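These figures come from a predicted structure and were not determined experimentally.
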Amino acid sequence: MAEVEKKLETKNLTISLGPQHPATHGVLRLVLELDGETVVKCTPYVGYLHRGIEKLSEYKTYLQIIPITDRLDYISSLSNNIGYCVAVEKLFAIEVPERADFIRTITAEMTRIASHLLWLATHALDLGAMTVFLYAFREREWIIDLFEKLCGARLTVSYARIGGVRNDVPEGWLKDLYNFTEEFPKRIEEYETLIDQNRIWFKRTKGIGVISAEEAINWGLSGPTLRGSGVPYDVRKFMPYAAYNKIEWEVPIGKNGDVYDRYRCRMEELRQSNRIIRQCIEKIPDGPVMADAPKFTLPPKDKVLSDIEHLIHQFVLITKGPMTAPIGEIYSAIEAPKGELGFYIVSDGTGKPYRMKIRAPSFVHASVLPRLCIGHLVADVIANIGTIDIVLGECDR
């Protein structure tokens, strides 16, 4: 009896990673087509956290929009505040006082440190390193406590204002922050002792998610995700705002464009942010923290509470917005912790923006995931999601 040869047919397996998955860093869904454990196709699906922030802003006055920007990348809300305020100030031709610029720079770099620490903690945890998570949150809590002393809020701070900042720094606050900057470099070394030369960390990050400098530029990447490929582009250097052109610092870059190089870029940025903060504290001048532009800026709080004219002034600015807003359009960008955060605003002369479009780095970076993941294993998909450091709050907007 002749043996009947049976032919085995195989086919690729399609699975859904997320949106309910801790390693997708929010409600991101990736549909993966797998040949064994190798990814042959990756399709990102976003929009699960869409809240219509851009359209909502068109129905708010310029001042009412500030708290909404907190909810973009809620891990670094103050950077969003500053980015929006810088755009409106450019549209209204408002000159911010020098002291306010220094305070903005200090708080923006504190935000960068807090954001990078959360990235390091979760990225390392995704790849199996739990101790780094605990260490990083120790210093992040220190930063968050300083924010609370500054403005009373810890996460969604709404500290920046059009024309400056909400209030001057409290007495002793700069000294407390300086103490942090003296201790922080030692803490960075602790993180690196755990993983920087760890052979398991090398296996999980080196040669994974490689993207060349040319490809990274073509994809529209920015921030450490771009600089890891060797492109030294940083908005703070190319289009300086706040006090970045008054201090010395360097832009860390990578060579190979892989997960490890992007990790190294962010680790060096922690040191550079610490360096920036120390210089700003040493150089910060005295003076006002709000521009002298009554048509666009809120009056001092003490006068609002004691004088009816200032109370009415604040009421009109909040409820109706500036009554003499210039007509025109503007695009302005800052270097947020995750990359270039841009605001495109169209003004029709009313107290509300006619149109507002936000260029969010997380949205751009989510689109490159197929390029990073195809040809790698399922486990490497987790490393690639972590290396682009996305937050779905600003991705979906």
Side-chain angles (χ1 to χ4, degrees), residues 46-47 49-74 76-96 100 104 108 156-166 220 222 235 239 241-242 290-299 312-336 338-364 366-367 391-397:
V46 298
L49 199 60
H50 180 61
R51 293 156 292 168
I53 285 178
E54 291 161 327
K55 183 54 67 176
L56 180 63
S57 298
E58 294 166 12
Y59 290 85
K60 301 285 185 183
T61 67
Y62 286 98
L63 287 162
Q64 289 173 338
I65 294 170
I66 294 174
I68 300 176
T69 62
D70 283 334
R71 276 76 184 171
L72 292 168
D73 175 9
Y74 37 78
S76 51
S77 59
L78 211 150
S79 292
N80 308 331
N81 297 160
I82 293 172
Y84 169 73
C85 289
V86 167
V88 176
E89 288 155 5
K90 195 173 179 182
L91 178 65
F92 291 172
I94 297 174
E95 187 173 343
V96 178
R104 282 184 176 184
T156 50
V157 295
S158 297
Y159 177 63
R161 291 289 183 273
I162 296 169
V165 293
R166 197 190 81 180
S222 58
V235 178
M239 295 177 284
Y241 57 95
M290 183 61 78
D292 183 18
K295 291 181 180 179
F296 308 110
T297 60
L298 294 172
I312 294 170
H313 179 200
Q314 173 171 289
F315 179 80
V316 171
L317 274 179
I318 292 292
T319 57
K320 295 185 179 180
M323 305 306 291
T324 56
I327 299 174
E329 57 186 294
I330 197 75
Y331 175 80
S332 177
I334 66 156
E335 185 69 29
K338 292 168 177 55
E340 181 177 332
L341 175 65
F343 289 85
Y344 172 69
I345 301 173
V346 179
S347 170
D348 59 357
T350 64
K352 303 173 183 177
Y354 177 72
R355 285 287 182 269
M356 190 167 89
K357 173 67 179 174
I358 302 168
R359 192 267 185 208
S362 291
F363 180 74
V364 179
S367 68
V391 161
L392 274 294
E394 72 169 8
C395 178
D396 295 348
R397 301 186 297 287

Closest non-hydrogen atom pair between I345 and P353, with its separation = CG2-CB, 3.9 Å
Return yes when atom OH of Y59 has more than 12 non-hydrogen atoms of other residues, nucleotides or ligands closer than 6.0 Å, and no otherwise.
-> no
Considering all heavy atoms of both residues, which atom of P322 and which atom of Y62 are nearest to each other, and what is their separation?
-> CD-CD1, 4.0 Å
Audit row: K295, F92, side-chain contact (heavy atoms from CB on, under 4.5 Å) steps and yes/no | CA-CA 10 Å; K295 291 181 180 179; F92 291 172; over 6 Å; no
Got V86 and R104 here, is their nearest side-chain heavy-atom distance under 4.5 Å?
-> yes
Distance col, row D73:CG vs L392:CG, nearest 0.5 angstrom, shows 10.5 Å
Can you tell me how far CD1 of I65 sits from CG of L56, rounded to the nearest 0.5 angstrom?
-> 8.5 Å
Considering all heavy atoms, the nearest I358-E54 contact | N-OE2, 2.8 Å
Would you check, one step at a time, whether the test side-chain contact (heavy atoms from CB on, under 4.5 Å) holds for I66 with I162?
-> CA-CA 9 Å; I66 294 174; I162 296 169; 4.3 Å; yes
Mind listing the closest non-hydrogen atom pair of A325 and S347 along with its distance?
-> CB-OG, 4.2 Å
Look only at the side chain of R359 and the backbone of K357, and say whether a donor-acceptor pair between them is shorter than 3.5 Å.
-> no
Could you give the distance from CG (L78) to SG (C85), rounded to the nearest 0.5 Å?
-> 9.0 Å
Does the side chain of T69 reach to within under 4.5 Å of the side chain of S77, using non-hydrogen atoms?
-> no
Going from OH on Y74 to CD on E394, what distance comes out if it is rounded to the nearest 0.5 angstrom?
-> 9.5 Å
With a 4.0 Å cut-off, would you call E58 and R355 a salt bridge?
-> yes
Shortest non-hydrogen contact from I330 to A87?
-> CG2-O, 3.8 Å
Taking R166 for its side chain and R161 for its backbone only, find out whether a donor-acceptor pair lies under 3.5 Å.
-> no
Would you confirm whether T61, through its side chain, and G351, through its main-chain N or O, come within 3.5 Å as a donor-acceptor pair?
-> no
Examine distances only and state if a side-chain atom of R51 and a backbone atom of D396 form a donor-acceptor pair shorter than 3.5 Å.
-> no
Can you tell me how far the OG1 atom of T297 sits from the CD1 atom of I94, to the nearest 0.5 Å?
-> 6.5 Å
Could you tell me whether a side-chain N or O of Q64 sits under 3.5 Å from a main-chain N or O of I318, the two making a donor and an acceptor?
-> yes
Between CZ on residue F343 and CG on residue L91, distance to nearest 0.5 Å | 13.5 Å
Heavy-atom closest contact (D348 atom, K352 atom, distance) | OD1-O, 3.8 Å
Polar side chain donor-acceptor pair, D70 to N81, under 3.5 angstrom | yes
Sub-3.5 Å donor-acceptor pair from the side chain of Y241 to the main-chain atoms of E335, do we have one?
-> yes
Please confirm whether the backbone N or O of C395 pairs with a side-chain atom of R397, one donor and one acceptor, at under 3.5 Å?
-> yes
Determine yes or no for a side-chain-to-main-chain donor-acceptor pair under 3.5 angstrom, with H313 supplying the side chain and P299 the backbone.
-> no
